[in-house]
Amino acid sequence: MSVSVQGSGPRTIVLLPGLATPEPILGFTPLAERLAELNTVVTVEPFGLGLSDGTDDPRTSEAIVDETRAALRQLGLRGPYVLMPHSISGLYAMWWTTHHPDEVAAVVGLDDERYTSDGADGSPDWPSWMAGVNAVGGTRDLIALDKSTDYLGLVADYRASLGDAAEYTLDQQDLYLRAYSWVLNPTVLDEMARGAENVRAAEGAVFPPTLPALSILAASSLEVEPEWEPSHRAAISNPAIQQVAIMDGHHYLFHAHAAAIAEMTKRFLDEHVEIR
């Protein structure tokens with residue numbers, strides 16, 4: 001498993017990427033660098049993403065969380081951790097907080113996922129045939145097509161959010177988009193196929209009432225998913241320390257708004273999470 005560790009502060013923040021994010025360490029860099037000024041920041045590339053190996057183990061919430069926990073232990077980084085999940089990793093963070101609450105000091109979500117009825121109903125219909133496309137080397141051609149037509153709906157928001165971020169040159173943006181040509185590997189395809197299963201596993205889950213939690217939602221996600229904001233508010237059990245904030249921007253908020261997110265995170269943690 002590929003993992004980046006930056007900074008040496010007293011809090012350990014664990015950045016968890018969204019589904020099929022091609023280069024999580026590179027994509028999180030603007031945010032990780034800012035957070036690392038005061039914290040120890042760990043960016044995890046789960047199996048199948050970035051420079052990490054693949055695996056044949058089923059991509060369930062439980063497996064992904066246990067693999068990440070094992071990686072942190074091997075690095076000598078002990079909890080409780082501040083989990084900072086993006087997108088689908090919100091499901092994994094919720095599994096972590098409800099099954100291993102003593103290991104989590106807080107959750108700061110970045111437009112991260114919750115249980116929704118749409119998400120529980122089914123997964124994309126293309127993971128089943130994408131394995132065959134991979135076998136004949138056709139993924140690169142599909143990604144090239146997607147860059148022009150958004151045929152798969154993979155890169156549109158990623159491309160737009162990179163373009164809004166001053167930290168990425170045009171060459172870097174192009175390289176990050178090209179990375180999609182190898183991210184649709186069997187490990188990631190299995191995670192996609194199990195998406196509905198992992199959503200259903202989060203049904204009815206709420207944050208423990210003693211756990212500080214801040215959900216930073218992208219305004220663009222609220223426009224396309226009516227359940228997005230209500231699902232986050234439904235996970236609140238203690239409004240005194242659990243909040244939802246809306247930020248203008250794309251699903252990959254941390255590309256263009258790293259400075260604002262880092263400052264919001266600092267204020268929230270300083271107010272609600274004691275340094276041990």
Side-chain angles (χ1 to χ4, degrees), residues 1-9 11-52 64-65 67-69 71-72 75 77 81-93 96 104 106-113 154-155 157-169 171-180 182-183 188 191 214-218 220-221 247 249-266 268-269:
M1 183 181 287
S2 171
V3 179
S4 170
V5 181
Q6 298 170 264
S8 57
R11 296 190 183 105
T12 299
I13 298 176
V14 182
L15 290 164
L16 303 169
L19 180 65
T21 298
E23 295 283 357
I25 289 174
L26 295 176
F28 274 129
T29 290
L31 177 59
E33 289 180 343
R34 288 170 169 84
L35 293 172
E37 294 174 4
L38 298 172
N39 307 280
T40 300
V41 179
V42 185
T43 305
V44 176
E45 294 187 328
F47 291 129
L49 297 184
L51 298 178
S52 291
I64 291 169
V65 168
E67 291 161 0
T68 304
R69 295 170 63 228
L72 294 171
L75 290 168
L77 298 170
Y81 313 106
V82 176
L83 303 182
M84 188 170 276
H86 172 242
S87 196
I88 199 171
S89 284
L91 300 176
Y92 311 147
W96 203 331
V104 183
V107 176
V108 179
L110 304 174
D111 209 30
D112 56 327
E113 192 168 351
L154 281 175
V155 303
D157 209 50
Y158 199 72
R159 177 176 57 237
S161 61
L162 284 175
D164 287 346
E167 280 90 351
Y168 302 100
T169 67
D171 286 343
Q172 287 174 323
Q173 293 176 41
D174 186 59
L175 286 171
Y176 294 170
L177 292 174
R178 289 175 185 270
Y180 268 111
W182 66 77
V183 77
V188 173
E191 185 179 1
L214 171 64
S215 300
I216 306 173
L217 307 184
S220 63
S221 296
M247 181 178 288
H250 301 283
H251 182 50
Y252 286 82
L253 280 167
F254 48 88
H255 286 159
H257 302 291
I261 291 171
E263 180 57 31
M264 289 177 67
T265 301
K266 179 183 184 301
F268 183 78
L269 295 181

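Just so you know, these numbers come straight off a predicted model, no measurement behind them.
- Put simply, the side chain of Y92 does not reach to within 4.5 Å of the side chain of P85, judged on heavy atoms.
- Note: N39 CG to K266 NZ = 9.5 Å, rounded to the nearest 0.5 Å.
- Of all non-hydrogen atoms in V188 and A20, the two that sit nearest each other are CG1-CB, 4.0 Å.
- The two residues P30 and F254 have their closest heavy-atom pair at CB-O, 4.5 Å.
- In terms of the salt bridge (charged side-chain N to carboxylate O under 4.0 Å, His left out) criterion, residue partners of D112 (sequence neighbours excluded) are, by chain and number, R114.
- Put simply, CD on E113 and CD1 on I88 are 5.5 Å apart, with the number rounded to the nearest 0.5 Å.
- The shortest non-hydrogen separation linking V104 to L83 is CG2-CD1, 3.9 Å.
- Between H251 and S221 the shortest heavy-atom distance is ND1-OG, 3.8 Å.
- Although no hydrogens or angles enter the test, the distance criterion places a donor-acceptor pair under 3.5 Å between the side chain of T68 and the main chain of I64.
- Of the possible polar contacts, none joining the S4 side chain to the T43 backbone as a donor-acceptor pair under 3.5 Å is found.
- When side chains are defined from C-beta on, T21 counts as touching Y252, because their heavy atoms get closer than 4.5 Å.
- In plain terms, the two heavy atoms of E23 and G50 that are nearest each other are OE1-CA, 4.0 Å.
- In this structure, the separation between CD1 on I216 and CZ on F268 is 9.5 Å, given to the nearest 0.5 Å.
- Applying the side-chain contact (heavy atoms from CB on, under 4.5 Å) test between I13 and each of V108, L38, V82 identifies V82 as the sole match.
- Rounded to the nearest 0.5 angstrom, E37 CD and Q6 CD are separated by 10.5 Å.
- No side-chain heavy atom of H86 sits under 4.5 Å from any side-chain heavy atom of P17.
- One finds the CE atom of M1 at 9.5 Å from the CG atom of L49 (value rounded to the nearest 0.5 Å).
- Using a 4.5 Å heavy-atom cutoff, the side chains of L35 and M84 are in contact.
- A side-chain contact (heavy atoms from CB on, under 4.5 Å) with L110 is found for one member of L31, L214, L253 and no other, namely L31.
- Side chain of E67 to main chain of P46: no donor-acceptor pair is present (N/O by atom type, distance under 3.5 Å, no hydrogens or angles).
- Heavy-atom minimum distance, E45 versus L51: OE1-N, 2.9 Å.
- Atoms CZ and NE2, from F28 and H255 in turn, are 8.0 Å apart once rounded to the nearest 0.5 Å.
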